[in-house]
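Accompanying notes for the structure given below.
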Amino acid sequence: MPSEDLSKIPIFFILGRPRSGTTLLTTLFNGHPNIRIAPEYPVMMLLYNKFKNVKTWDEATIRSFFDHAFYHSKNSRINERRVNNLNIDKEFIISELMKYKDVGTIQVFLKSIDYYAFSLYDKQETLWIGDKNPIYSIFTSRLQRIFPDVKFICIIRDYRDNFISMKKLADKEVAVEAPSITLQVARWKFFTRMFLKYKRRFPDKFYILRYEDLVTKQEETFQSLCIFLGIEYNPIVFEYYKKKDQTVETYGKSPIWDRFHSNLLKPINTGSMNTWQDKLTAKEVKMADQLAGVYADKLGYVRRYKGFNLWLFIKSAPLLSYNYFILSVMVFGTYLPFKISQWWYQQSLILLKIYLKVTGKKSIIYNDSKVN
């Protein structure tokens, strides 16, 4: 691996709701020879909170940084699998990062996890470091302050298809709130509204694309993304499926991956578009259309129902309040000192525990959420 100056390589983030095409987009970017982007591993806010005030990075601090990056994986089946997907040699990275001893910044070390993560693809000069973690969508404003030269690519999928896809996660107990169309569409609206607001304020930093355009106008859409990042378009990115055997060997040992990301072993197709038309009831469509409101229209998604139903509003009010509150709690926690933020995070899980008790569900995320 060539030794490049991480302080001079900018970073971009892929944002969006889970099950909106973020993994497909990551796969395409990972196939580009001038981009390094890691599999999902959402520890950046935790690490920033812990090390943001470090002025001088010595060997002990660098080792502590990576200890905190990976220690909590031992207590979580989900995080342990994510660490394995990174396929990172911790000691090698530490030895590489020693060149930033005494002169490094928190930004350099945060980018290093994405930079040094394993990739199936051959790389040339790194022009961008990418990061894909849908949970970071709620930290957009914070990420802009951490990385002044950052760019964001926000992918949005039809809220009704997004709900159908999210609902499948409930079978594996990895998204206990997934079956609630109220929560899922409310979050779709929350992030869509936020992305559009930031796009108006920072047009050079934000790119918004629809999942449907990515799968129906592949080359045109990806060429536009390359222009946004200022890099050369390379059609080789669409040949990711030719690495099927290597992909399965590296990432396909998890039944969850096999079920929800197996399409990445095939060429891009439109098979996941408009599934809601056959799978949602009229009541569900009416609820989804009312919750999405004008933001569906802004993104070009045709609503069957455009009227306002007072009973649907009353019925959805409790979960809408819960949704707003829990997102606010998550964002607020990242501004607290490290130890307090960890305590705050644990306390916030009480909300999820209450939800689980009321609905009679269980979650491996909740059971595996304890950290040292």
Side-chain angles (χ1 to χ4, degrees), residues 13-22 25 134-141 144 152-167 177-217 221 224 228 270 272-328 330-331:
F13 290 87
I14 294 176
L15 305 180
R17 294 278 297 130
R19 311 301 300 161
S20 290
T22 56
L25 195 54
I135 188 64
Y136 290 173
S137 297
I138 64 175
F139 307 129
T140 306
S141 178
Q144 285 193 86
F152 298 93
I153 297 174
C154 312
I155 185 166
I156 299 173
R157 185 181 182 184
D158 187 308
Y159 51 97
R160 295 155 296 196
D161 281 335
N162 182 232
F163 168 65
I164 292 294
S165 191
M166 283 293 296
K167 197 174 180 181
E177 300 169 328
S180 170
I181 194 168
T182 301
L183 281 177
Q184 297 310 320
V185 180
R187 287 174 185 169
W188 181 94
K189 180 179 179 179
F190 176 90
F191 290 114
T192 297
R193 178 170 53 196
M194 182 181 69
F195 294 156
L196 290 173
K197 179 187 72 173
Y198 282 127
K199 173 63 176 177
R200 289 192 300 269
R201 292 178 59 188
F202 309 101
D204 296 333
K205 285 191 173 186
F206 282 81
Y207 186 107
I208 297 178
L209 77 151
R210 304 191 323 160
Y211 166 80
E212 293 76 16
D213 294 329
L214 181 62
V215 300
T216 59
K217 298 181 288 186
T221 300
S224 182
F228 174 69
T270 60
S272 297
M273 284 179 53
N274 298 318
T275 58
W276 65 272
Q277 296 180 359
D278 298 320
K279 295 185 178 181
L280 292 185
T281 66
K283 289 183 178 179
E284 288 175 321
V285 174
K286 186 175 290 187
M287 174 67 83
D289 284 350
Q290 176 163 307
L291 290 172
V294 297
Y295 289 94
D297 307 332
K298 290 177 183 291
L299 270 295
Y301 298 120
V302 179
R303 290 185 288 162
R304 283 184 182 173
Y305 305 95
K306 292 192 176 182
F308 176 79
N309 186 299
L310 180 60
W311 168 241
L312 289 181
F313 174 77
I314 295 173
K315 186 178 179 180
S316 63
L319 284 179
L320 293 178
S321 299
Y322 165 80
N323 176 62
Y324 178 80
F325 184 69
I326 199 167
L327 290 176
S328 300
M330 292 176 66
V331 174

Are side-chain heavy atoms of [X] and [Y] found at a separation under 4.5 Å?
X      : Y      : value
Thr275 : Leu280 : no
Phe308 : Phe313 : yes
Ile208 : Phe152 : no
Phe191 : Ile138 : yes
Leu327 : Phe325 : no
Val185 : Met287 : no
Arg303 : Asp297 : yes

Just verifying a value: how many Å separate [X] [atom1] and [Y] [atom2], rounded to the nearest 0.5 Å?
X      : Y      : atom1 : atom2 : answer
Tyr211 : Asn162 : OH    : CG    : 11.0 Å
Asn274 : Ile164 : CG    : CD1   : 11.5 Å
Arg17  : Tyr159 : CZ    : OH    : 14.5 Å
Phe195 : Ser137 : CZ    : OG    : 4.0 Å
Asp161 : Gln277 : CG    : CD    : 8.0 Å
Ile153 : Phe206 : CD1   : CZ    : 11.5 Å

Quiz item: Should the ring pair Tyr136 and Phe13 be called parallel, tilted or perpendicular, given that the plane angle runs from 0 to 90° and is split at 30 and 60?
Solution: perpendicular
Quiz prompt | Minimum-distance pair of heavy atoms, taken over all atoms of Pro134 and Gly16 | solution = CB-O, 3.3 Å
Quiz item: Can you name the closest pair of heavy atoms from Lys189 and Ala292 and give their distance?
Solution: CD-O, 4.1 Å
Is the side chain of [X] donor-acceptor paired with the backbone N or O of [Y] at a distance under 3.5 Å, no angle test?
X      : Y      : result
Ser180 : Leu183 : yes
Glu212 : Met273 : no
Tyr301 : Asp158 : yes
Lys217 : Thr221 : no
Arg210 : Leu299 : yes

Quiz prompt | Other residues, nucleotides, ligands: >12 heavy atoms within 6.0 Å of Tyr324 OH | solution = no
Quiz prompt | Within 6.0 Å of OH in Tyr305, more than 12 heavy atoms from elsewhere | solution = yes
Quiz item: Step by step, would you call Leu209 with Cys154 a side chain to side chain contact (heavy atoms under 4.5 Å, CB included)?
Solution: CA-CA 6 Å; Leu209 77 151; Cys154 312; over 6 Å; no
Practice problem: Decide yes or no on side chain to side chain contact (heavy atoms under 4.5 Å, CB included) for Leu15 and Ile155, but give the supporting numbers first. | Solution: CA-CA 6 Å; Leu15 305 180; Ile155 185 166; over 6 Å; no
Quiz item: Without hydrogens or angle criteria, can the side chains of Arg157 and Ser20 be said to hold a donor-acceptor pair below 3.5 Å?
Solution: no
Quiz item: Between Tyr198 and Gln144, does any side-chain donor sit less than 3.5 Å from a side-chain acceptor?
Solution: no
Quiz item: Does the distance from a Lys or Arg side-chain N to an Asp or Glu carboxylate O, for Arg160 and Asp289, drop under 4.0 Å?
Solution: yes
